[in-house]
2 protein chains.
Amino acid sequence: MTIYDIAKKAGVSASTVSRVINNKPGVREETKKRIQQLLIKYNYSPNEAARGLVTQASKIIGILVDDIRTIHHTDGAYIIERELVKLGYCCIIFNTGTDEASKAKYINILKRRRVEGAVLIGSSFQVKAVEQAIKKYLNDTPVVMANGYLDLPNVYGILADEQNGVANCVKLLYDKGHRRPAFVIDLHTPSNLAKKAGYEQAVQSLGLGDILVYETNRTLQGGYNVTKKIMQEHPEVDGIIYAVDLLAAAGTRALLDMGISIPKQVAVIGIDNSIYAEICNPKLTSLDNKLLNLSMTAAHTLISALAGGQPNKKILIFSSIEERETT
Amino acid sequence: MTIYDIAKKAGVSASTVSRVINNKPGVREETKKRIQQLLIKYNYSPNEAARGLVTQASKIIGILVDDIRTIHHTDGAYIIERELVKLGYCCIIFNTGTDEASKAKYINILKRRRVEGAVLIGSSFQVKAVEQAIKKYLNDTPVVMANGYLDLPNVYGILADEQNGVANCVKLLYDKGHRRPAFVIDLHTPSNLAKKAGYEQAVQSLGLGDILVYETNRTLQGGYNVTKKIMQEHPEVDGIIYAVDLLAAAGTRALLDMGISIPKQVAVIGIDNSIYAEICNPKLTSLDNKLLNLSMTAAHTLISALAGGQPNKKILIFSSIEERETT
DNA sequence: TTGTAGGCGTTATCAG
DNA sequence: CTGATAACGCCTACAA
């Protein structure tokens, strides 16, 4: 069912039908009514692709998520979707994985779909390959990075101050008498590296001795095992900060299973302040990097840029520590 | 940059460029090379909307999610996306909320985008308004329902046998000596109502006395409060089944805070076998409704239908109980 | 091997 | 107030 079909049935031209559909003035009330009825009768729905072709506006936003295992990435995508749909946009969402080359590929796909804007969720987009792909394909399209930044004229970054945040976590432990903190990292994303840097910085400035950084993979088993390893190799450790709540949750359980009391003997801090932190027993103290705020800000930054505004190129969102039962 | 621009630079016609882009035969190797270089030099990317107009194929799949708070819905959407992107589709994702009317609206949006297929995630799509909207707008497009079904020729349903599953949970409690089970429900979705029916059926067939169904909202606080209420009003209760893991996790904590031992005094069972169940301490026994399997099956059903196959109209996925520490 | 012409479904710009 | 007509970017016969 096209506007031509409707036009024929109504005995008018396609342009008149188009006017009615788009609520343009200059159509006699009577013909308008007639056409509207036919539109309804035949369940006419405009073809947005054809429409976009002539208006040069796809009304599509591209969202790229680097790691769907990270609950606040997926949640963030939905938050952004919800804001943009209000303005009549539709969102195509891809999960790119952490591989650099494939990210560039997806940016090309966004170009082919002629997206009017893009949001890249996750700090791992902050790499050369993505920068080049944006320059190549999306250089005329506003791109908002949720927890990342690239120095390009059309790129806007919303960043969590994770380095300071983690440094503050170390200080919190210190203030509570925990002087031997360890740090657990999984992926080497810019975000995680910033957290690690915050840990190292605070440990050094407070003179807490050696840096104790342990690596694991982002699974409950990984968090569990690495925690046991830490305590075996360094029984003097009295506080552990984990790069994400998920690992902290597993670590908490490992400590408990080892008969270690929390937070008395060992304090635990997670990062993200996700639902995991609240479900955990004892409830996790967690660095709140303001996911919701960050995603909302990303959405509004994009909306502003889309409207021709001049949003801030770089916005820093301050984190805070949500204290619960593990510190 | 259009094929015309490239054609001009190459000194050929647009059709020749088109042939090269689409790898069609009948282009002299030399001109082909020349054109390919120009394509790369100018970062040409075909406009998929224009392409779709002429090929009558949007290569777009629509995914509708009813409730993004449900972690296995959002995860499911990503699983499905990942499968379809392999075949060159791109997915537009909307979260519709649980409101019936707005769901119909989104189905219309899918039509306007001329999606080639759709996946509806969540049992709450199993309603009249959606059925009518599909008939009206998507009657020629394969629609797969993840955990739902509607009796229309183009609709395929993948369903979890939650009623039996919950009945089996009651039996499990029974076998372990827990004879006064209660059930906690939040949303009145078809899925949750099936779970409730399973509970009631088993309680009756085992002759376990009165039906004890409590309602709450899907928050940790809700799960916590309702659990205390249950134990106050019915201290004889010795087992609680919660409609979702999230509530069970909160309930577990409430029981512990009341000094009730788990599972000795009161056993707990959640539903979804989500990560929440594993993070919880004690780890939750949970009804595994095979989310991953269900989403995968949905994806493959759609792919089969898209390819012109005749997938099963209705597939039942059998659940199982993952026993952990709360039973 | 290559080019021309027509059309996909719309909107926009003119005339009338 | 209404109707031709020409785009938008691409593909595909058909013709050369």
Side-chain angles (χ1 to χ4, degrees), chain A residues 1-36 38-39 42-60 88 90 108-116 137 140, chain B residues 1-36 38-39 42-60 88 90 108-116 137 140:
Chain A
M1 190 57 47
T2 74
I3 53 172
Y4 273 88
D5 300 322
I6 300 288
K8 198 175 292 168
K9 292 183 199 295
V12 299
S13 78
S15 351
T16 302
V17 176
S18 176
R19 285 190 192 96
V20 172
I21 291 168
N22 296 291
N23 264 316
K24 302 248 162 139
V27 181
R28 203 194 318 158
E29 196 57 32
E30 190 215 87
T31 42
K32 185 172 175 178
K33 279 260 163 63
R34 187 154 41 96
I35 293 173
Q36 281 172 332
L38 288 166
L39 255 19
Y42 292 99
N43 296 322
Y44 171 82
S45 297
N47 181 326
E48 296 291 349
R51 200 177 242 183
L53 201 51
V54 32
T55 61
Q56 301 282 57
S58 66
K59 279 287 182 181
I60 297 179
C90 95
N108 184 17
I109 293 180
L110 297 188
K111 164 68 168 193
R112 298 160 84 104
R113 294 288 174 179
R114 297 298 187 273
V115 296
E116 295 182 31
Y137 297 116
D140 222 27
Chain B
M1 191 56 49
T2 74
I3 53 172
Y4 275 89
D5 300 323
I6 299 288
K8 198 174 291 169
K9 293 184 198 296
V12 298
S13 78
S15 23
T16 302
V17 177
S18 175
R19 285 189 193 96
V20 173
I21 292 168
N22 296 292
N23 264 315
K24 300 253 162 139
V27 181
R28 202 194 319 160
E29 198 56 33
E30 187 214 271
T31 42
K32 186 171 174 178
K33 280 260 162 65
R34 185 155 41 96
I35 292 173
Q36 281 173 333
L38 287 167
L39 254 19
Y42 292 101
N43 296 322
Y44 171 81
S45 298
N47 181 327
E48 296 292 349
R51 200 176 242 184
L53 243 196
V54 33
T55 62
Q56 299 283 61
S58 66
K59 279 284 182 185
I60 297 178
C90 96
N108 185 18
I109 293 180
L110 297 188
K111 164 67 169 193
R112 298 160 84 107
R113 295 287 175 179
R114 297 297 186 273
V115 297
E116 295 182 30
Y137 297 115
D140 223 25

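Naming: A, B, ... by sequence-line order, numbering from 1 per chain.
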From CG of B:Leu53 across to C1' of C:dG6 the rounded distance in Å is 14 Å
Side chain proximity check, B:Arg114 to A:Ser45, heavy atoms < 4.5 angstrom: yes
Quick one: is B:Gln56 getting a side-chain N or O under 4.0 Å of the D:dC11 phosphate, OP1 or OP2? no
To 10°, what angle do the rotation axes through the five end pairs on each side of the helix from C:dT1-D:dA16 to C:dG16-D:dC1 form? 50°
Please identify which of these residues, A:Arg28, A:Arg34, A:Glu29, meets the side chain to side chain contact (heavy atoms under 4.5 Å, CB included) condition with A:Lys32. A:Glu29
Straight-line distance of B:Cys90 SG to B:Arg113 CZ, nearest 0.5 Å: 10.0 Å
Tell me every residue that passes side chain to side chain donor-acceptor pair (under 3.5 Å) with B:Arg51, counting only those two or more places apart in sequence or in another chain. B:Asn22, B:Glu48
Taking side chain to side chain donor-acceptor pair (under 3.5 Å) as the definition, give me every residue that meets it alongside B:Asn43, ordered by chain and number, with sequence neighbours left out. none
Between A:Ala10 and A:Ile35, the two heavy atoms sitting closest are CB-CG1, 4.1 Å
Rounded off to whole Å, could you give me the OH-to-P distance for the B:Tyr42 and D:dG9 pair? 17 Å
Could you check if a side-chain atom of B:Ile21 sits within less than 4.5 angstrom of a side-chain atom of B:Tyr44, using non-hydrogen atoms only? yes
Can you build the contact string for nucleotides 10-16 of chain C? Use B for base contact, S for sugar-phosphate-only contact, and - for no protein heavy atom under 4.0 Å. BBBB---
Using whole Å, what does the distance between atom C1' of nucleotide D:dT2 and atom CZ of A:Arg34 come to? 12 Å
Check whether any side-chain N or O of A:Gln36 sits under 3.5 Å from a backbone N or O of A:Val20 as a donor-acceptor pair, and report yes or no. no
Between A:Ala14 and A:Ala7, which heavy-atom pair has the shortest distance, and what is it? N-CB, 3.6 Å
Of the residues in residues 26-33 of chain A, which ones touch DNA chain D at a heavy-atom distance under 4.0 Å? A:Gly26, A:Val27, A:Arg28, A:Thr31
Taking side chain to side chain donor-acceptor pair (under 3.5 Å) as the definition, give me every residue that meets it alongside B:Thr31, ordered by chain and number, with sequence neighbours left out. none
